[in-house]
Structures are given as C-alpha cells and as structure tokens.
Amino acid sequence: MEIVGRSITRVDAVAKVKGTAKYVDDHFVPGMLHAKAFRSTIANGWVKSIDVSKAKVLPGVVAVITYEDVPTHTFPTAGHPYSKDPSHQDVADRNLLTRRVRYVGDEIAAVIAVDELTAEKARQLINVEYEEYAPVLTAEAALQPGIPEIHAGTGNVLGRGGYEVGDMAEAVAESDHTFVDEFSTQVVAHCAMENYSAYAYMEENGRIVVVSSTQIPHICRRIVGQALGIPWGRVRVIKPYIGGGFGGKQDTVVEPLVAFLTTKVHGRPVKMELSREESFISSRVRHPFQFRIETGVTKDGTLSFRNLEAISLNGGYASHGQSIANNCGTKFRQQYRQKAIKYSCKTLYTNMPAAGAMRGYGVPQAMFVMESHLDDIARALDMDPVEIRLKNIPETGHKDPLNGIVALSNGLKECLVKGKELIRWDEKKAAQANQTGTKRRGLGVACFNYASGTHPVGLEVAGARIVMNEDGSVQLQVGATEIGQGSDTVFSQMVAETIGIPLSMVHILSEQDTDISPVDLGSYASRQTYITGMAVRKAAEEIKAKVLEYAWGMTDIPAQVMDIVDGWIVYKHNGEKITPLIEIALDAHTDVVHAKPFTADVTNNARVNALAFGCTFVEVEVDILTGKVEILEIYNIHDSGTIVNPTLAEGQVHGGVSMGLGYALYEQMLFDPKTGKPLIHNLLDYKLMTALDTPEIGAHFVNTFEPTGPYGAKALGEPPAITPAPAIRNAILDATGVKFNDLPMTPQRLIAKFQAEGLI
Amino acid sequence: MTSTISGRTQKITCTINGEAVTMDVDIRESLLDVLRNRLYLTGTKKGCGVGECGACTVLIDGEAYDSCLFLAVWADGKHIRTIEGEAKEGQLSEVQEAFVESGAVQCGYCIPGFVLSVTALKEQNCHCDRESLKKELSGHMCRCTGYQNIIKAAEKVLTEDK
Amino acid sequence: MYDIARYEEARTVDEAVALLAANPNARIIAGGTDVLIRIREGHQPSAELVGIRHIEELSKIELRSDGTLSIGAAATFSRISKHSLITHLVPALGEAVETVGGPQIRRVATIGGNVCNGATSADSASTLFAFDTVLQIQGPEGVRLVPIREIYRGPGKVHLGQAEVLTAILISPENYNGFGGHYIKYAMRKAMDIATLGCSVNCKVGTGNIVEKARLAFGVAAPTPIRCPGAEALVEGKPFSAALVDDFGKAAAAEINPRTSWRASREFRLHLAEELSKQALVRAFIKAGGKVQ
Ligand SMILES: Cc1cc2nc3c(=O)[nH]c(=O)nc-3n(C[C@H](O)[C@H](O)[C@H](O)COP(=O)(O)OP(=O)(O)OC[C@H]3O[C@@H](n4cnc5c(N)ncnc54)[C@H](O)[C@@H]3O)c2cc1C
Ligand code: FES
Ligand code: FES
C-alpha cells in the first residue's frame, strides 16, 4: 500500500492553523436572533406558575416561549439509527420545554432577542414558582418506594438488561477462590473546547435548516422532525467544522429547540449557543456506575466464572440510556474466557444532567471494575498481573456466544508483551519491591476490548459518493463527520490508494449537509474508518472499474490487464504506462458520443464487526504525604488492525489517554447532596488537565490485519480512553498496597485511605 | 444587520494585524466580541468567555492575552494580532507550519490560541526547556491532543531558532 | 458582551478617587479578572466601572529611600514575577504570584485586585501576610496605611471605602532583609487552579543554625488569609531540627480551623496544613541560608 499506512498531513490542518476553518459560531447570518433558555434552578419538581411578562417587554426581546407553547408529544434525543421496531427505539421522554423539571438546568422557557446580552437579561426577568420535591441523586433514592417518579410509570427504572452464559453452578463448584468487591465511577463531562451551539432558519418553502455542531447530521434531522412533529424531509441539517464531540454531540442537545424557535419567529434565524457553564450542566455527561463483581478462579489463576452487577445513573432524561449499560456488559464479557459469566444491570433516572454517549460508551466503567478487580485477584494469588491476563485473554478466532462477533484478528497478547518491554516491567518490579519512603513507585497494567461500530446491536449504514473531474481528480463526499479525529484524511487516503491517484487529487467535502451528503449515521462507536471506510473503498473501486472500462473502449486494452498508478493507466503486469488518467477522465466528460463522467454513489450496510484490543502500562510515583500521583511513564499499546495514518492514530491515543488520565485522577462533576445543584460547572473547577499536568504519552501499535475491515483497519477512536484509569489504580496499589475502588482517585481520597490504613 | 440594543460607545484606535483601525466600540464589548462579531475575525475562538481555556488568545503588543477578558476599550493604542494575520501572502508562518507537520491539530478549536502563544514565545526568543514551555502554554486547554504534538510543534520552532 | 452601563478610565489616582466619589455606584476595575467574571455571572448588573489599569503610578515597582519596597497595586503578576527588585528582595513573592492562573491571566491580573477581591485563596495573600505587608490606600480623605492583616473583613470582603483606591503594597526592609521565603500552592492542577491550601513561610537564620524568625501564613485555612503566631513562636530562637519541623507542622495544624467544603474536607486541609508548613519551613530555611541536616 502506497498511501494507506502513511502519515499524510491532515487535509484540514491548514484551514485550522490559519483560523479559516468555520465552526458553527463563525457563521453570521444577517438578522440572526439569539435564544437563551430559562433553566430550572431546582432539581426536581413542577413549575406551578410562570411569569414572563417582564421579559416580554424588555426592549430587544422578540419572543418568549414557554412549556405552554410546545407540542405535547415527547421525543428521544440519542444519536442512534431509527428502528421501526418500537422495542428497539430510544426512549422518548423529552418535551422541547418542560413544566416538570428533572434536573437543575432543565429547560422551562426560551427567550429570543436581538442579541445575546438582551436574551440573557430577559431570562433573568422570568419568574417561576415551583412545587419542589426532594432531589433524587442516588440509586437508593431513585428506588425508594412512594416517591414522585421522575418519569411517570417508570418507577425511575429506565431499563434493565443482562445475560447469563455457561453453566454457572458448575463454574462456581470448580473455583478454588471466589473474590467479591465493589467499585464505582463518577460523573464526567466531555468538555469539547467548542460548546454546544446551533442555529436554525426557515427556507421560503417552509423547510427548516439547522446548522449545528453535531456528530450525527442525518440522525439529527430525523430527531428534529420527530420533536417538531413534522415530516423528516422538511428538515435539513448542516454540519460545519466541529470543535470536538467525544460523544456529547452524538445527541441532539440544542437542535430540536432551536428548530422549533425559528418556527415561532416566522423563520427568522435563531441561534442558541450554550455557554461553558450550560454545556456542563445542561448537555450530556458520562454515566456514573456502581458495581458489584464476583469472580471465581482456580489455583493457577484461570477464571472460572465472572458475575457483574451494575447500576447506571442516567440523570433526568433517557438520552442513550440503557444502551450504555448494555455495552458495558458486552465488553465485560468479551474481555476474558471463562466457563460461565453473568451480567445484570439497571439504568435509573435521577435528578442530574442526562448521561449519554461519551468516548468508550460504558466500557471505561466496565474495564475499571474488571481490570482493577483482576489485579486484586492476581495479588491474592501472588501472580504477576500480566501473567494472569495472558492466561485468560480470548484466543484469535474466538466467537462471542451472544452477538456472534468473531475476533478474526487479535493482537492483545502482542500488546501485553510489547507493553511489558516498553516499561521494563520485570526489571522495575524487582527494583520496586519493599519500598518504605514517602514517595513510592508502582507499575500497573489494564486491558480492554472494543468494537468497530455497533453491529449487531445497531444498524451500520454508511454512504460515500465520488465524482471524477475532467482532470482525473475526484470529489469525495461522505455522510460521516470529521470531528477532529481525522476521518476526512483517512477517507481521502483510502480513495487515493484505491483509485491509484495522488492524494492531492482527492478533494473531500468536509461539511455535511443532509440535502447533499450521502446518508450515514455519523461519527460514533469508533466506526468511521471501519464502517464508512468500507463504503468509501467500494465507491473508489467502482470509480476505478469505470475508468478502466472506459479506458478499454479508448485503448482496446482489456480492463482487467490495466491498473491505475499515481494518475496513470498502466499495464498491471509490469507497470508500463499506457496513458495518463486525465486523458480518460477528460474524454469521459467531453466525448460527444461516449461521454459519461465517472460517478459512484455507494451505500453500504456493514453487517460485520471487528474487535479492537489493547492495554495501558503505567508507572506512577505516589507521594503518600500529599496524596499526589505522578505519572512517570505511560504507554498505550493498541491492536487496531492496519494503522491507516500513524500520526493521526498517535494523536487519537494521546488525546484518549489524557482523557483517561483525567478520569483516573482529576475529573468529576459534583452535585450538592441536598439540592442537586451542580457544584462544578466551569473549567476552573472541572479539572481538565493542562499541559503541565500531562505526562509524555507513549502510543504504540501492534501489527495485525483485520480481514473484514477496509485495508485491514479496525476501531481506534474511543479505545485509548478506556484503560488508563484501571492501570493507574493498579499502579497505585502496587506502589502503596492500598486499593482504590472509586473514581476519581483524588489526593483527598488517597490521604484519607492512607491515614485509615496506617500508612501515614 | 439586526439592530442590537446598543450601549455607550468609545472611540478606539489600534492596529489589527498591522492595519490601523479606528472604531467606536461598545463599552460592554470584550476584544473577543469586537474581533469576532464586528470584524469577522472568527479564527479567535470562544471556549469559555472567562479566561479559563485560552481559545480566545490574541497577541497584544506581542504578548498573549485572553481576549474574552479584555475590554475592547482597553485595546486603544495597542497592536493586536490575531490568527488571521499570521500567514503572510498565503504562506503559513513557521509556527503554523510546525503545527501542521507535527500532527498537532485535531478538532482545531484550541489551535489558533496555541499558535499565537507559541509565536510570541518564538519572537521573544524563548529558549525554555520542556517544563517551562508547558508552563508557558498552561493557559490553553485542549481536549483532543493531550498536548503532546502541540508541545512537539512548539519545541520544533523554538529550538530551530537557537 | 458584559452588562456594563458605564465605563470611565482614570489616568491618575486622584482622578480615580474623584470619579468614585462622584458616583456611589462606581466600582474599580483593574485587570478585571474577578470583576468581569462577577459581571458575567450577573452579580453586578448594569455595572458602573472606573478603570485604573492605565494609571502609570499604580504599576510602579520601586524601592523607597528608606528601603521600603513599594509595589503599585495595578502591577500585574507577570511584571511582578520578572521584576528585578522582586527577584532580588522578595523572591518568594515573585514565585507565589507565578502560581496564579495561567500566563494570560497573569498578564492582566493585578496584585491589588488580588488583595481587594478579598478571597482567602488569593495566591499573593499568604505571602504578603508573611511579609507583614502594609497597604497604602488613598481615598477622598487622603492616604492611610493599613497592615494587610487588618484589611480583610470576611470571605470576599475588605475594609475599603467605595471611593478608596489601594495604591501600593509596601514591604519594609526589616520584613524582607535576611529572610528566606517559600510559598506552596496546593491545588489539583499545576496551573489554572485555585488553591486548596496556600502556605507561606518566611524565616531568618541566626547563629548556630537557629530559626531566628519565622512567619507562617495560610490561605484557605480560614475565611480569610491568616498568620499562625503560635507556630511561629514555637520555633523562633530554636536550633533547626527535624523534630522542630514536626512540631511546627503540628502547631500550625492546631492553630487553624478550616472548613469542609465540596472542594476539600476539613480533615484533608488539616493534614495538608501540617505537611505543607513543614515542607515550606524547610525550603524557606534553606533559602535563608540555613543548613538542613
Ligand atoms: C481563569 C482565572 C484563573 C484565576 N486563577 C487565580 C489563581 O490561581 N490565584 C489567584 O489568587 N487568583 C486567581 N484568579 C482571580 C484573579 O485573577 C485574581 O484575584 C486577580 O489578582 C484579580 O486582579 P484584577 O486586577 O484582575 O482584579 P479586578 O477584577 O479588576 O478587581 C478585583 C476586585 O478588587 C477591586 N480592586 C482592584 N484593584 C483595586 C485597587 N487598586 N483598589 C481598590 N480596589 C481594587 C475591584 O473593585 C474588585 O472588587 C483567577 C481568575 C481567573 C479568571
Ligand atoms: S474564551 Fe477566553 S479564555 Fe476561554
Ligand atoms: S485540537 Fe481540539 S481542542 Fe485542541
């Protein structure tokens, strides 16, 4: 391969360093109005009365819309493909504006004004009277009988799931030891540097155009249609450059409301740009989980059974809801072999911000419990943590008993071996035995598995369109969104590679417009390279076939003996040049008799999946007097099949690992236990790591080839964020002998436990 | 354009990317507001509006400032540089080039700010070691890159200088 | 856009005082890194502001003839930390203000704003306490001098009249000559963070490696920055030793009364107070020329 596999410069890098890349807020539409939501200041209750009279008369206010003005039907928001099967549909539990408030920040009314400041001031002039209920912030509170339900008829249970595979009784009987423990994870936020923002206007024909920072334009279009109760084709969604998503924008956060608001002002453009604070409290977060895990092992460390119970707190609205807990269970199952395995989970409504998709989709939580627990087992059995993993990882070709996914490529073992080497595991383990000082070093490891897309749970449709120009260059259009991960570059590489033209001859349209772009589900589930890549490759193959077919007509050389290399039609067997591609392309555009410009428009329904694997190795130094954890070395080693662009791939690993580090040590959203008010809603209090806090991150890949993936590629986007937390937890354990089962592992928690366990 | 509700204005004179500008600014506006909403210099981004993220960084008299926390009236008499002025005649600056080559760019939202801070360091002949460099860049947040390739890009231009 | 109804720029201190006196609603804005945040949060609606950042005399850093170091209230942190008078005479202060926010913030944020904002977490405050700083304040009635300890009224509150301007921060030679100082900002991040606890120790070494003078101040250990005279007295005049350091830490923790907040528990802050005061004493002692072990 010539172009696939090379560190090509990203196609959008120049626009981004020059500041010419236009994001949602960089678009100015004449006459743009600005909307601000009036948000609930209580976590749980009803609006008894609302008075917007003062807001309405403030000069500059165009309209004030309340829950009384919106359609009464509810709609879902999650970025999943639509299903005709009602049991597979996302829970529709939202209104555009609500009278029943379910978290602090819930949207009760919206002000539309000529500028943002006026909208903001008018918002402050709205008065409401609430009937307030005690906020439900924990699983215990949610399941308490007799309390007002957050959503009527649910008992505050949004969903349940689970599975049992294998003969549990037999597996339990065979175990020499059983280990039981509990773990928990916290609420974290995506913190894309670009906040949530969208604007909408109406075309003369009554269609609504929404311009949004969305990962999922096509799905967004459908949801806006559902929310407004209008035919879906009356909505058009445009996605310009996006300043990061991480799953938060795999959801519809502002689009339905802003689309509705434009209809209330006769189609004038209305923009709703969430502030950083609003983005924290009123968009989506990652689900906090509580786990109880039970594991049986034989003397030699072979897993005989695993049993995980999970409770996931979803906040006030369903969003992705139960799907996250389900995915948690799936990846938990796929990580190791055992005789029997059981998983049961429930997702509960609480009075907190809605939890949705976030990089890893339930798997950072799954691997935190699994990989932490496994280290405790290794310790109890006096086994090396790497050894116990090597003993239990699934073999290549392993077929999952429930979803049927076959691990056709599996480099997990190689990852573990490589990681051990990189960090000099054995050498350091020996040197670090029996430390007594106030700064103690330790090593940790953790493994993960992940999927490339959502099959068979979700539909995996992707589209690509290629049009060849007179000069042999092509336009490539995809419906999948570039959100920073580099997919546009990778797709361009695939097209150049497949057709046989230089990368400079591939022009990708980075903006998605549901009126123009091929249908695709969007950017999520680490699916782009694998799933959309399939469609892109097929489209490119189709173009190439058409070119060669046409060339046959022009040259009398059979298509099957020709190839295209670097913009030339050549003989396949020896590479001898026949004619430049431009000759063929020009002819196909201009020949009065035969003209038929080359186009391909491919939609692919990928009914396969591939597992990506990898691990984190980390060395930490724990200051037991200050509770600070210093990362001395950290490596993520990935099996993602063929690495289409090593520099971009490393970038994914750097960013993912840093997110994982934040998850481990720094990041959390906290809520006042009495009122449910978010205590953390800005970047000063939310501890996103700065450059000074971030260690050097080692990104490594092992060589595998995934037969089902385009050019052998599989998932990479989300995986890097999964295992830093358990690896660090295990390294702290290694350093200090103290177990931390709750995230994040903040200094205060460390000190409290060090004191309790007599270290200090 | 929509008639916004206007506040009191003050006349300021400054240079923006080398060009002299005299304009009436609203006393309520930040420099960021003026650059983006009135001059359409949208390469300067807003990530928080409160000095926490550095996305809005511009150079004022050669030093990096958060334009969101800088009142427009304060810009009087200053030399202001935004990302739009860095590429000259279609040619990327050395710093921009280094960002492109080092794979420092992902979603790109934080990038203009970083480019300007690194540019200031380069022009001040900063020969800082990695730790001090990280400190110099610690007022910029990036969610995508873990900073690694951004630091790499910065080191590239700052060491090539030596 | 900020909800600002009026903005006036003062060119001299007298003018600032006059503008403030003429309009009881007027408030000072220096760097604005606290004021603008407050306005944005809606806490100062239709703000009327008097800008002082362009008053030249307010950003001067100079040595008076009597050896008093005078730091203009509108001097920014980035200027302070680089200024040669600071790095020579009171390096601990320069190091302390380098821990504020990030570089962009330090270029606009002023030391006067830090003090007048009244936050217990202010990164300059504990060090200024340790230096027994005196504040020079000018108002309609003239100029007054106040020890920094007397300016704080409570969290976010200072004893300052509406028309009064803090003009200079004064450190007299007997409070810096021969002193070594060290500030430890304990926060979750290494930049862009508010202190969980700030701890500043200044000390002087006497013959026989004794701790001749010790000054210990904390931020976030109480609603306002505080000194710990008990811990100071305990070690003064005693030969430096590991045991002395331990006693100092214990005394410090015993002397403060921090609160539990969602940011940190009382227990954690007490532990930190003990630990950080020990570490800061050791570092300050070394800087003052003392020998450790
Ligand atoms: C992102 C961010 C990070 C921050 N990080 C830190 C940190 O790490 N450590 C820290 O200590 N602070 C931090 N701060 C707070 C702030 O930057 C400091 O308190 C700063 O010193 C305030 O100075 P200023 O000039 O900006 O004050 P302003 O906002 O202009 O004023 C603050 C207050 O003091 C009054 N005032 C100002 N000057 C005078 C004067 N000369 N006389 C009388 N009254 C006056 C004003 O009226 C106002 O009430 C941070 C702020 C932000 C936005
Ligand atoms: S927008 Fe100015 S610092 Fe974030
Ligand atoms: S590249 Fe996305 S925030 Fe930095």
Would you say that more than 12 heavy atoms from the other residues, nucleotides or ligands in this model lie under 6.0 Å from the CZ of C/Arg259, or not? no

Surrounding CD of C/Glu56 (heavy atoms of other residues, nucleotides or ligands, distance under 6.0 Å), is the total greater than 12? no

Given the options C/Ser78, C/Gly51, C/Ala5, which has more heavy-atom pairs under 4.5 Å with chain B than any of the others? C/Ala5

Which atoms of B/Asp66 approach chain C - backbone, side chain, both or neither, heavy atom under 4.5 Å: both

Are side-chain heavy atoms of B/Leu71 and C/Leu36 found at a separation under 4.5 Å? yes

Hey, could you give me the CD/OH distance between B/Gln10 and C/Tyr7, rounded to the nearest 0.5 Å? 7.5 Å

Which is it for C/Glu98 and B/Lys135 under the side-chain contact (heavy atoms from CB on, under 4.5 Å) test, yes or no, and what are the steps along the way? CA-CA 10 Å; C/Glu98 268 292 289; B/Lys135 189 176 168 206; 2.4 Å; yes

Sub-4.5 Å side-chain heavy-atom contact between C/Pro103 and B/Ser117: no

side-chain contact (heavy atoms from CB on, under 4.5 Å) between B/His140 and C/Gln104, worked out: CA-CA 9 Å; B/His140 295 270; C/Gln104 295 99 311; 3.1 Å; yes

Choice from B/Gly54, B/Ser138, B/Cys68, B/Ser30 maximising heavy atom contacts with chain C below 4.5 Å: B/Ser138

Is chain C contacted by the side chain of B/Lys134, its backbone, both, or neither, given a heavy-atom distance below 4.5 Å? neither

Are side-chain heavy atoms of B/Trp74 and C/Arg53 found at a separation under 4.5 Å? yes

Interatomic distance, CD1@C/Ile4 vs CG@B/Asp26, rounded to 0.5 Å, equals 9.0 Å

Does a sphere of radius 6.0 Å around CZ in C/Arg283 hold more than 12 heavy atoms from other residues, nucleotides or ligands, not counting ones at 6.0 Å or beyond? no

Backbone N or O of B/Val50 within a donor-acceptor pair of the C/Arg40 side chain at under 3.5 Å? no

May I ask you to name which of B/Asp33, B/Leu69, B/Val34 has the most heavy-atom pairs under 4.5 Å with chain C? B/Leu69

Could you give the distance from CD1 (B/Ile27) to CE (C/Met1), rounded to the nearest 0.5 Å? 11.0 Å

Which one of B/Glu52, B/Glu29, B/Glu63 has the most heavy-atom pairs closer than 4.5 Å to chain C? B/Glu63

Under 4.5 Å from any heavy atom of chain B, what part of C/Ile29 do you find: side chain, backbone, both or neither? side chain

Chain C contact via B/Cys48 - which portion, at a heavy-atom distance below 4.5 Å: backbone

Would you mind checking which part of B/Val73 comes under 4.5 Å of any heavy atom in chain C, side chain (CB onward), backbone (N, CA, C, O), both or neither? side chain

Relative to chain B, which segment of C/Arg6 carries a heavy atom at a distance below 4.5 Å: side chain, backbone, both, or neither? both

